[in-house]
Protein chains: 2
Amino acid sequence: MVRTKGVRVVEVGQVPLVRIGDLARSAGVSVRAVRYYEQQGLLSAQRSASGQRLYPPEAAERVRFFQDMFAAGLSSRRIAELLPCIDLGHTDAEQRHMLQAERERIRERVTELQSALRRLDQIIEVTATHP
Amino acid sequence: MVRTKGVRVVEVGQVPLVRIGDLARSAGVSVRAVRYYEQQGLLSAQRSASGQRLYPPEAAERVRFFQDMFAAGLSSRRIAELLPCIDLGHTDAEQRHMLQAERERIRERVTELQSALRRLDQIIEVTATHP
DNA sequence: CTTGCCTCTGACGTCAACGTCAGGTCTTAG
DNA sequence: CTAAGACCTGACGTTGACGTCAGAGGCAAG
């Protein structure tokens, strides 16, 4: 076990593994959030002898992907359904249907937001002439 | 008091008023939602002698505006702050700041969503080649 | 060895926009 | 007059993605 720039790293064969705090920091989320993702079946972790979670550094990318999807309004359930598509690189009919449905949902949200934006702009415009 | 096409209407002077159920239907929300908006200070209502809420028909437009703003991620608190800007037709510095901030927030959400859309499209594209 | 930070597992708290239920009143069609 | 809806006021329940706290253990530095 070595220490590199403040981040404790466990070398298992050639694979460096980081602990939950480091993952959380590098992904920009809380430690609680990472544990939550595991609980929801989105993220798995190796365990050290003493039971501490150990992650490969790529896990940070995956966590950021979760954030993107949450921001897009997907539930953790949907994201869980999404992961096999990514990991296996192929989809069945049901999965393709789900992907299209979510895509459409997000597109609708975008147009909703743009509509709201226009309404806000109207208000700003109107009241700008009457300060 | 008259009945017009199934909608009970109260004539007070020249102003026709509708009851909460009619407002809810014409705005496409639940009765509970309308009461909630009143509780949050977004909507006021005249009361009949027996205490029932009475609304001018334009209230439906206002309720739809609430829906737009909620869909854009504004809280009822923010919407309440917004209403005087609309009703009075002018804004002070603080209000203008708030309007700009919310505008910017929504714009960020849009780009987030578009980013998520691209990621989903990538997945769809990749897996489409491997059915 | 101890100090200080990190991690662990529960488990309860939060927040917003309502849903839902209870128990009672109003209104109107028939 | 009566029965069926619509409406009233509380007040508790729901959902999702975590926050937060408690109590206990792990681990590198001095």
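In what follows, every heavy atom counts, from backbone to side chain, and hydrogens, waters and symmetry copies are set aside. Throughout, protein chains are lettered first and strands after them, A, B, ... in sequence-line order, and every chain is numbered starting at 1.
- For B:S48, no side-chain nitrogen or oxygen approaches OP1 or OP2 of C:dC26 to under 4.0 Å.
- Scored by the ring pair (Phe, Tyr, Trp, His ring centres under 6.0 Å) test, B:Y37 finds B:F66, B:F70 as partners (sequence neighbours excluded).
- Within the structure, a side-chain polar atom (N or O) of A:Y37 is placed less than 4.0 Å from OP1 or OP2 of D:dC18.
- Applying the side-chain hydrogen bond (donor to acceptor under 3.5 Å, both in side chains) test to residues at least two apart or on different chains, the pairs with a partner in residues 23-35 of chain B are B:D22-B:R25.
- Not one N or O on the side chain of B:R19 forms a donor-acceptor pair closer than 3.5 Å with the backbone of B:Q52.
- Take A:Q122 and apply the side chain to side chain contact (heavy atoms under 4.5 Å, CB included) test, not counting sequence neighbours, and it matches no residue.
- Using a 4.0 Å cut-off between charged nitrogen and carboxylate oxygen, A:E102 and A:R105 count as a salt-bridge pair.
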Which atom pairs link the protein and nucleotides 20-23 of chain D when you take only N or O atoms and keep those under 3.5 Å?
{"residue": "D:dT20", "atom": "O4", "partner": "A:R32", "partner atom": "NE", "Å": "3.1"}

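- A rotation axis mapping the C1' atoms of four pairs onto the next four is fitted at both ends of the helix from C:dC1-D:dG30 to C:dG30-D:dC1 over five pairs, and the angle between these axes is 0° to 10 degrees.
- Residue B:R47 is in sugar-phosphate contact alone, with no base atom involved, counting any heavy-atom pair closer than 4.0 Å across all strands shown.
- For the contact set between residues 113-120 of chain B and DNA chain D, defined by any heavy atom under 4.0 Å, there are no members.
- The phosphate of C:dC18 (OP1 or OP2) has no side-chain N or O of B:Y36 nearer than 4.0 angstrom.
- Distances shown here put a side-chain N or O of A:S30 below 4.0 Å from the OP1 or OP2 atom of D:dG19.
- Distances shorter than 4.0 Å separate some side-chain N or O of A:R53 from OP1 or OP2 on C:dT9.
- Rounded to whole angstrom, the span from the CD atom of A:Q40 across to the P atom of D:dA17 amounts to 7 Å.
- Distances were taken from every side-chain heavy atom of A:R35 (C-beta onward) to each of C:dC8, C:dA17, D:dC7; the shortest belongs to C:dC8.
- Within the 4.0 Å cut-off from OP1 or OP2 of C:dT27, at least one side-chain nitrogen or oxygen of B:S50 is found.
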